[in-house]
Amino acid sequence: MTDTPAGDDVLTVVLVDDHQLFSRGLELLLNTDPESRVRVLARTEDADRALELVRHHRPRVAIIDLVMPPPGGLAAVQAVKRHYPEVRVLALSGNDEVASAVEALRMGADGFLLKSSEPDELIPPLIALASGLSVVPPPVISALLETWARSGHRVVSDLDGEELELLRLIAAGLESSEIAERLHVSERTAKRLVAGLLRRIGVSNRVQAAAVAGRSGLLAPVES
Amino acid sequence: MPRGEVELDTVRLVMIGDSGPAGHGLQADLEAASGGSVAVVGCADDSRSAVEAVRRHRPDVVLLDLGATAPGRPAAGVAAVRELSRLSPATRILVLADADGEADLAVAALTAGAHGFLVRPEAAGDLMAPILAVASGHSVLHRELLSALVGSAVPRDRELLDVLTPQYKDLWRMVADGLETTQIAERLYVSERTAKRMVAFLLRRLQVANRIQAAALAGRAGLLDEVRMPAEGSA
């Protein structure tokens, strides 16, 4: 493939996929967009070469298949994002397992598409991704929303500064008398405040409150 | 979908909150930028007329400006999302917000049935790709929001989970759930004395001083997120 410099408005892409048939088809499809919005600069079938390809071509988007022989697509995603965080990574997979999509997003992928997506409908998601948005299948969003709901983020984000401080004190295992001292209130008031907070976050005791605090990311990481 | 062949590729759009007093008047720019791929078939400026427009047009995509639909009352905007998504499940709802700071608002909108949540772009043309992407079944959201959602799925101190046996992980869950020693003993079919000894061992292993700290650590380590994983199902 000739490597002529692309204009600023052309969305440049490299493809990392061991399935040549799919990869060539995708290249052809993207390069023949009637509005010439996309240009594939290079392809590789080897996950190990993803980083090299990105380094050499500096595309705006790297499309990486997750299901490839070792080191595999996930490693390629991680390598590219670590060295070139500004390059947008779109993870592709032929299987619709939500867990592998979440794993790719965790590794830094900016979006995830199923290979079964209509090929001629790939360009809008690609453009959205290049413009700084994330594109993922709705079931992945549902799974993430569920995790979010269970993570305590929601509960804790409703609390104000004083309530957060109180929750931190509870999670540190302080007794009512110690909490009273820190907050400069009577022990009775401290007890009342704690009871009110437990109700507010929907738990029945201090231990559960501590678990919610830990889960919500409110507490500093463990000292090692 | 029974629709005229000519229009098969045209995404039919209803805009909500765009032309009202607080709206941004994107319609003309949007249609101009779309080159025929998007047709605005209806507009509405409040929740009630939105329902009417969606009922009448059954659009492929609804573009809902959260700030303009219910100014100052984002919860009402979210309620509108819920109602429209119930009214026309096949319609994809793309929500536009003023700022990206409010993850909770975005989460509420997505949970209510929205397929996209974006900060309103400067140029109407930048809405084209997201509109077409949601129309073809993808979810679209701003990158920071995805990071926040994925971040909530990332346990930070996972190493702890790997060093404990499944039995001690169960025990840790019980402790984190606030169970008393007697209750723990009952669940594990051991004496109260043994249960106490086991808890003491667990606390030492976790290097924490008491049960509350063990609970906080359980939350942080992701132990409590694992509970509903199918692999550890409690059938």
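Side chains included, hydrogens not; waters and symmetry mates left out as well; all remaining heavy atoms used. Each chain gets a letter, A, B and so on, in the order its sequence line appears, and its residues count up from 1. Every value quoted in this text rests on a predicted model; they were computed, and no experiment measured them.
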Donor-acceptor pairs are to be reported for all side-chain atoms of residues 209-217 of chain B against protein atoms at under 3.5 Å, with residues two or more places apart or in another chain.
from	atom 1	to	atom 2	distance (Å)
B:Asn210	OD1	B:Ile212	N	3.2
B:Asn210	OD1	B:Gln213	N	2.9
B:Arg211	NH1	B:Leu179	O	3.2
B:Arg211	NH2	B:Thr181	OG1	2.8
B:Gln213	OE1	B:Ala209	N	2.9
B:Gln213	NE2	A:Ala172	O	3.0

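Between the CZ atom in A:Arg106 and the OG atom in B:Ser147 there is a gap of 13.0 Å [rounded to 0.5 Å]. A distance of 11.5 Å separates OG of B:Ser136 from CD1 of A:Ile123, quoted to the nearest 0.5 Å. Remark: A:Leu145 CG to B:Thr111 OG1 distance equals 4.5 Å, nearest 0.5 Å.
Within a 6.0 Å radius of NZ in A:Lys191, no more than 12 heavy atoms belonging to other residues, nucleotides or ligands are found. Annotation for A:Glu86: atom CD counts as buried by contact number, over 12 foreign heavy atoms lying within 6.0 Å. By the 6.0 Å contact criterion, CD on A:Glu121 is enclosed, its count of non-hydrogen atoms from other residues, nucleotides or ligands being greater than 12. In the displayed structure, B:Gln183 atom CD is contacted under 6.0 Å by more than 12 heavy atoms of other residues, nucleotides or ligands. Residue A:Glu187 qualifies as enclosed at atom CD: its count of foreign heavy atoms under 6.0 Å is above 12. Within a 6.0 Å sphere centred on CD of A:Glu178, other residues, nucleotides and ligands contribute more than 12 heavy atoms.
Interface residues of residues 125-132 of chain A toward chain B, defined by a heavy-atom distance below 4.5 Å and sorted by number: A:Pro125, A:Ile127, A:Ala128, A:Gly132.
Here A:Asp33 pairs with A:Arg37 under the side-chain hydrogen bond (donor to acceptor under 3.5 Å, both in side chains) rule; sequence neighbours left out. A:Glu165 pairs by the side-chain hydrogen bond (donor to acceptor under 3.5 Å, both in side chains) definition with A:Arg168, not counting sequence neighbours.
Proximity to chain B (any heavy atom under 4.5 Å) is shown, for A:Asp110, by both the backbone and the side chain. Only the side chain of B:Leu118 comes within contact range of chain A, with heavy atoms under 4.5 Å apart. Proximity to chain B is limited to the side chain of A:Ser117, based on heavy atoms less than 4.5 angstrom apart. In this structure, no portion of A:Ala101 lies under 4.5 Å from any heavy atom of chain B.
Listed options B:Ala176, B:Ala129, B:Ser139 were ranked by heavy-atom pairs under 4.5 angstrom with chain A; first place goes to B:Ser139. For chain A, the option among B:Leu141, B:Val140, B:Asp177, B:Leu132 with the highest count of heavy-atom pairs below 4.5 Å is B:Leu141.
The shortest side-chain heavy-atom distance between B:His115 and A:Pro138 falls under the 4.5 Å cut-off.
With B:His138 as reference, A:Val135 is the one residue of A:Leu114, A:Val136, A:Val135 to meet the side chain to side chain contact (heavy atoms under 4.5 Å, CB included) rule.
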- Can you list the steps and then say if A:Leu105 with B:Leu146 is a side-chain contact (heavy atoms from CB on, under 4.5 Å)? CA-CA 8 Å; A:Leu105 299 172; B:Leu146 183 77; 3.8 Å; yes
